[in-house]
Every structure is written in structure tokens, then in C-alpha cells.
Amino acid sequence: MNIKEIQDEIVDEFSMFEDWMQRYEYMIELGKSLPLIEDEFKTDDNIIKGCQSKVWVHATLEENKLIFTADSDAIITKGIIAILIRAFSNQKPKDIIDADTAFIDEIGLKEHLSPTRANGLVSMIKQIKLYAVAYQTQIN
């Protein structure tokens, strides 16, 4: 599946829930299925700056596709990064760079987060895109 198809699938899943408590519970469940980062990568280099909680993201390039792993010390934040990793992992760096992130607004995530968590979300997206830029440069 390409990024847009995955994002549409996420939007569809979130639209099934009637209220934000159900969506938060779903995000927590998504966080539990997150491909966890190896302890050796839980370093300051991999921590997302601008997050209230600790969030680590690591990327590797396999067959010209980025594979992301992550972890967080907070359950909601773990769910947020799980959504992003689902959308962007296993995709080509150029596709990640070019990807739109409007699906975040479509599921209403940003408006239902505290300002510090919303800033963290923006920082997570920025870091994922920075990884994509770095690896795209290596490919070129």
C-alpha cells in the first residue's frame, strides 16, 4: 500500500468511533502494536525534541525503503507515533518527503491534543521527514 492508501485507511478506522474517548482507547491499542526500537537506539540522538514525553524514533534503509521503529514513555504518545509509523514505515524516502499529512487533521488528532502534545506531534512528523531527506541523499 502507498502512503495515501494507508492514511485513508487510518481515517476510515477513526471515523468508526463516536467519541474521542473511544479514539484515545484505540490509539493506546495501536501503541501496544508499535514496532519497538531496540534499547541500543534509545539515545539522545534518536529522541524527538519538542515532545513533552520521551519519544525515540529510529530509521533504517532496507531495499530503498525506510523502516521505522519507536517507543515512548507515555501511552498516548506511543499511540501517536504508532499512527505515524504505520503511515510512513516501509515507504521510499522520496514518497515520505512528498507525503501530505492532512490525514492528521482529518482524524481530528491535533485539535484533541494538549498544546504540548500537538507540538510533539509536529516534531515527530518533522523528524520522520528529516530521516527521509537524509536517506534520500544517500540514495542519490
Side-chain angles (χ1 to χ4, degrees):
M1 288 176 83
N2 68 32
I3 293 172
K4 180 72 177 123
E5 291 167 339
I6 296 167
Q7 291 175 344
D8 289 345
E9 191 177 82
I10 293 168
V11 170
D12 287 346
E13 288 168 12
F14 272 80
S15 70
M16 290 188 291
F17 301 107
E18 293 175 21
D19 62 42
W20 263 94
M21 283 314 296
Q22 292 175 325
R23 289 178 184 175
Y24 282 129
E25 287 171 21
Y26 183 59
M27 281 174 37
I28 291 166
E29 287 305 309
L30 289 175
K32 290 177 184 174
S33 66
L34 180 68
L36 287 182
I37 192 170
E38 298 287 329
D39 283 342
E40 68 186 276
F41 298 119
K42 280 189 174 181
T43 63
D44 286 347
D45 288 345
N46 290 325
I47 209 156
I48 303 285
K49 312 285 186 267
C51 272
Q52 179 182 2
S53 312
K54 286 190 176 177
V55 181
W56 299 269
V57 177
H58 179 69
T60 55
L61 189 67
E62 295 176 19
E63 298 175 16
N64 286 338
K65 291 185 177 181
L66 277 180
I67 309 297
F68 290 99
T69 56
D71 199 4
S72 175
D73 61 356
I75 56 173
I76 293 290
T77 312
K78 207 169 184 172
I80 295 168
I81 194 66
I83 291 168
L84 295 176
I85 284 182
R86 181 169 153 201
F88 298 114
S89 196
N90 224 352
Q91 302 291 333
K92 292 179 180 165
K94 176 126 180 56
D95 295 340
I96 296 170
I97 294 164
D98 295 341
D100 190 338
T101 55
F103 82 105
I104 297 292
D105 296 327
E106 286 180 53
I107 61 177
L109 188 54
K110 228 184 270 180
E111 68 196 56
H112 286 89
L113 295 175
S114 67
T116 50
R117 283 238 163 85
N119 288 342
L121 169 63
V122 171
S123 296
M124 289 178 215
I125 293 168
K126 190 185 296 182
Q127 187 60 46
I128 287 170
K129 295 244 182 193
L130 285 173
Y131 271 121
V133 168
Y135 280 106
Q136 184 61 44
T137 305
Q138 284 183 16
I139 293 170
N140 294 341

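Computed from a prediction, not measured in an experiment: that's the story for all the values here.
Here the side chain of Tyr135 pairs no donor or acceptor atom with the backbone of Lys94 at under 3.5 angstrom. For the pair Gln7 (side chain) and Asp100 (backbone), a donor-acceptor distance under 3.5 Å is present. A donor-acceptor distance shorter than 3.5 angstrom exists from the side chain of Glu5 to the backbone of Asn2, with no hydrogens or angles considered. Looking at Lys129, its side chain does come within 3.5 Å of a backbone N or O of Ile97 through a donor-acceptor pair. At distances below 3.5 Å, at least one donor-acceptor pair connects side-chain atoms of Ser33 with backbone N or O atoms of Leu30.
Side-chain contact between Ile10 and Glu106 is absent, with no heavy atoms from C-beta onward closer than 4.5 Å.
Annotation: side chain to side chain contact (heavy atoms under 4.5 Å, CB included) contacts of Thr60 (sequence neighbours excluded): His58, Glu62, Ile67. Residues forming a side-chain hydrogen bond (donor to acceptor under 3.5 Å, both in side chains) with Lys42 (at least two apart in sequence, or on another chain): Asp71.
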Go through Val57 and Tyr131 one step at a time and tell me if the side-chain contact (heavy atoms from CB on, under 4.5 Å) criterion holds. CA-CA 10 Å; Val57 177; Tyr131 271 121; 4.0 Å; yes
Would you check, one step at a time, whether the test side-chain contact (heavy atoms from CB on, under 4.5 Å) holds for Ile104 with Leu121? CA-CA 9 Å; Ile104 297 292; Leu121 169 63; 3.5 Å; yes
side-chain contact (heavy atoms from CB on, under 4.5 Å), that's the test. Do Ser53 and Lys78 meet it? Break it down for me. CA-CA 9 Å; Ser53 312; Lys78 207 169 184 172; over 6 Å; no
Given salt bridge (Lys or Arg N to Asp or Glu O under 4.0 Å), test Asp19 with Arg23 step by step and report yes or no. CA-CA 7 Å; Asp19 62 42; Arg23 289 178 184 175; over 6 Å; no
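For Phe88 and Phe68, the ring centers are positioned 6.0 Å apart or more.
Through chains of ILVMFWY side-chain contacts below 4.5 Å, Phe41 is grouped with Ile37, Ile47, Trp56.
Considering every non-hydrogen atom in both Ala132 and Leu66, the closest pair reads CA-CD1, 3.6 Å. Of all heavy-atom pairs between Asn90 and Lys65, the closest is O-CD, 3.4 Å. Taking every heavy atom of both residues into account, Gln91 and Met1 meet most closely at NE2-O, 3.0 Å.
For Glu40, the CD atom counts as densely surrounded, since its 6.0 Å shell holds more than 12 non-hydrogen atoms of other residues, nucleotides or ligands.
Just one residue in the list Val55, Ile125, Ile81 forms a side-chain contact (heavy atoms from CB on, under 4.5 Å) with Ile48, and that residue is Val55.
Using the six-membered ring where Trp is involved, Phe14 and Phe17 have ring planes that are perpendicular, over 60° apart on the 30 and 60° scheme.
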